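This one's a predicted model, so the numbers in the text were calculated from it and none came from an experiment. Lettering of chains follows the sequences in order, A, B, ..., and the numbering in each one begins at 1.
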Amino acid sequence: MSEPKPASRWTLWLPLALFAGFVALVMVGLYRPADREVASAMIGKPLPEFALRAAAADRPGLSSADLADGKPRLLNIFASWCVPCAVEAPQLAALKDQGVEIAGVAIRDRPEDVAGFLARHGNPFSRIGADDRSIVQLGIGSSGVPETFVIDGQGTIRYQHIGEIRAEHLPLLRAKLKEAGL
Amino acid sequence: MIAEFGLAALWLAAALAALQLVAGALALTSRGAGLGAIVRPVAMVQGVLVAVSFAALVLLFAQTDLSVELVAANSHSMKPMIYKISGTWGNHEGSMLLWVMVMGLSGSFVAAVERRLPEPTMLATLAGQAFVSLGFYAFLLLSSNPFTRLSSPAIEGAGLNPLLQDPGLAFHPPPLYIGYVGLSVAFSFAIGALVTREVGPAFARAMRPWVLGAWIFLTLGIVAGSYWAYYELGWGGWWFWDPVENASLMPWLAATALLHSVSVLAARNALRAWTVMLGVVAFSMSMVGTFLVRSGILTSVHAFAVDPERGSFILGLLALNIGGALVLFGLRASSVTEGERFSATSREGALVFNNVMLSAILGIVLVGTLYPLLAESLGAKVSVGPPYFNPVGAIFAVPMLLVLAVGPLLRWRRDSLSRIKLQIAIPAVLLVGTLIWAASQSIGVLPALGLALSAALAVASLLPLRGRKLRQVKLPLWGMVTAHFGIAVALLGMASDAAFTTERLVAARPGDVVEVGPWQVKLQRIEPVAGPNWTALRGDLAVSYKGGAISELHPAARTFWAPANETNEAALKTRWNGQLYAVLGQQADGGRWQLRLWWKPFVPMIWYGGILIALGGLLALFGRLASDLKRLVARDKIAYRRARQGR
């Protein structure tokens, strides 16, 4: 191997072409930041099929069939190791007190941790599935904890709320539940 | 007054940068040749002015002048003095001012001391430096003015994120910026060389100390950042492939490649176009990294000043600087004549291989960092982590490290492996031996390869010293040996962390004893402690290694209240052969506490190795500077003698 001969003309422009590609890519990224707030592409789509074992001793596990029994409800993605999940606990409790049924999915969690979390922050859930490898989470288009989905009676995703539910989010969630038929 | 003074100095510095650019460019034409004389003085004054401007901002922060918007938004009168000062760059505007200050000072330093290059190349270089600086001055003055006054002074400042109130964290930006921005000099040299078609050993020698210096700072910055993440984040990991880590790794990889190719160019006048390209790429990676972090375009734990308008501005600067340099490269590189030839088995051949592999790893990191962005623009959300970076990086890192063991033993131009077969036999045996042993230990593929390569490299890196009188070994060779040995040391730490770490997660009651590896850990009690702006639950652990002397560890879970935040303060017990790492988790039921314990054999080697690598760079830098100085003195003597004879 000797030093390559003066490279052919077009290879000298290759770095520029790659850089142009980079600029194009980040421009797309830069001018679509709103994307982070826009809800998932899964809205209007049915839940994928799944069956999760119970994450807590006193509540049954969760399968996709449980969420298509004709009754609209919330699906809350949480984890005991997640601080914002503790922050939204009072809001979930308020929703439950108003008769909203809430199903939970605990992400990458241990039964004893889930139990401790529910003991500390209250348990608004009717069922809790354990999603040890985030499979269901990814399947429904969630990329973090906590997230909350409005599911209609047919098991179709109607709305996705990213981040913790704060008091000011409650009216919107109730409206979405109403739209879903509650 | 100080704020106005600082702002005036900044505007003046920007004006001088414009003058430096115009005069430097005109001086290259036949008509403007007379202007050449002012370029160096202008560059020096520009550097001084921007330093004065930065000093003014530091002073405003030190005095907590709350009539200045930036101070009011980021400082507080009750903060300790060191955090007042570090607050200067703990925000977007101040850190950009730090950036242009480092850039201006390096430009003025080059103008003051560099006399080896032909004057036109120097003029083009300084004009290039001015061009890049000018963009950042415009950015500061037009969209991020740090000296803006409030119409009425604030009563009290808003404070600084308590997490940033850590001495290590407060002072890590300046060295990193010196590393990032120091590479701008290599960039400008590359521009100067392309414009004047002067790519040769003199260019390489002029550029080398800058590359070395910036590279040393980058190395130290990365090592410190890695250790900070390790002890502060409480996950026991030392590298997370976070976009900001990648943003510091990419210029480092490019600078490492450049460091080696510049040596080939200096010693052998080969790899001309390639070295110029790397000179452009290294600083481009600094700018790309800064852009990715500042624009908030990638989600990262470091994202601050997320602002699309600023992002667009930096992107425009990037397009102008990097795009311009690459156009120049496309136009001129074909006329950069081919360098000296060499055979594949030679020092040059090994260095070319190292360069190609480093560039490949750089490409992998860049692709991995940008891929989530690409996926998002196509409508999917992904995150890219260790499962991608580790194995794909290893595909190129393993061959590179193998060649690294052999390359320094080869001669320049032409050599044969049979000449050095006896020397490489020892590392080869070690490599194979370790691999066989690892296979019997059920160690993963990558950690096993890491251990084997580390053992082989530790021996091989010392072989260039064989048969030499150690006292006569020149500093650059010591530097190379030290840095390469440092790689072996760091590799040992990384591989043994992956291969031998034992982890225990327990729910323990006070009084319980937990064993982790050779350690016995007794949870004595949990007690509340209060700090200035936090409260904490602190565990008292009595730990002993193999039943030996007992020492105490205090992992704590801190809760800050303004702004609310929880942090884990890990507790570490370091021995020569590893570290015990303890984290206190949440309270479990029945009076028990989660306790996470790791025994990480040899993990501190990662950072010791990193420090050795930087030390190697420092030795090489001193060696080069000393011989440059000697050459300069000798030349002056000759000139003096000639002048006397002529008289």
**Neighbour count >12 (heavy atoms, 6.0 Å) for atom CZ, A:Arg166** =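 Check fails, neighbour count at 12 or below.
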
**Request:** Step through the shown structure and confirm whether more than 12 heavy atoms of other residues, nucleotides or ligands are within 6.0 Å of CZ on A:Arg174.
**Result:** yes

**Asked** Is B:Arg332 reaching over with its side chain to a backbone N or O of B:Leu194, donor-acceptor style, under 3.5 angstrom?
**Response** yes

**Asked** Is there a donor-acceptor pair closer than 3.5 Å between any side-chain N or O of A:Asp131 and the backbone N or O of A:Val136?
**Response** yes

**Request:** Below 4.5 Å from any heavy atom of chain B, which atoms of A:Phe117 appear? Answer side chain, backbone, both or neither.
**Result:**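 Neither part, no heavy atoms under 4.5 Å.
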
So what's closer than 4.5 Å to chain A heavy atoms on [X]: side chain, backbone, both or neither?
| X | value |
| --- | --- |
| B:Leu505 | side chain |
| B:Val280 | neither |
| B:Glu348 | neither |
| B:Leu331 | both |

Using residues 46-60 of chain A as the side-chain source, report each donor-acceptor pair under 3.5 Å to any protein atom, sequence neighbours left out, with the distance given to one decimal.
from    : atom 1 : to       : atom 2 : distance (Å)
A:Arg53 : NH2    : A:Asp132 : OD1    : 3.4
A:Arg53 : NH2    : A:Asp132 : OD2    : 2.8
A:Arg59 : NE     : A:Phe125 : O      : 2.5

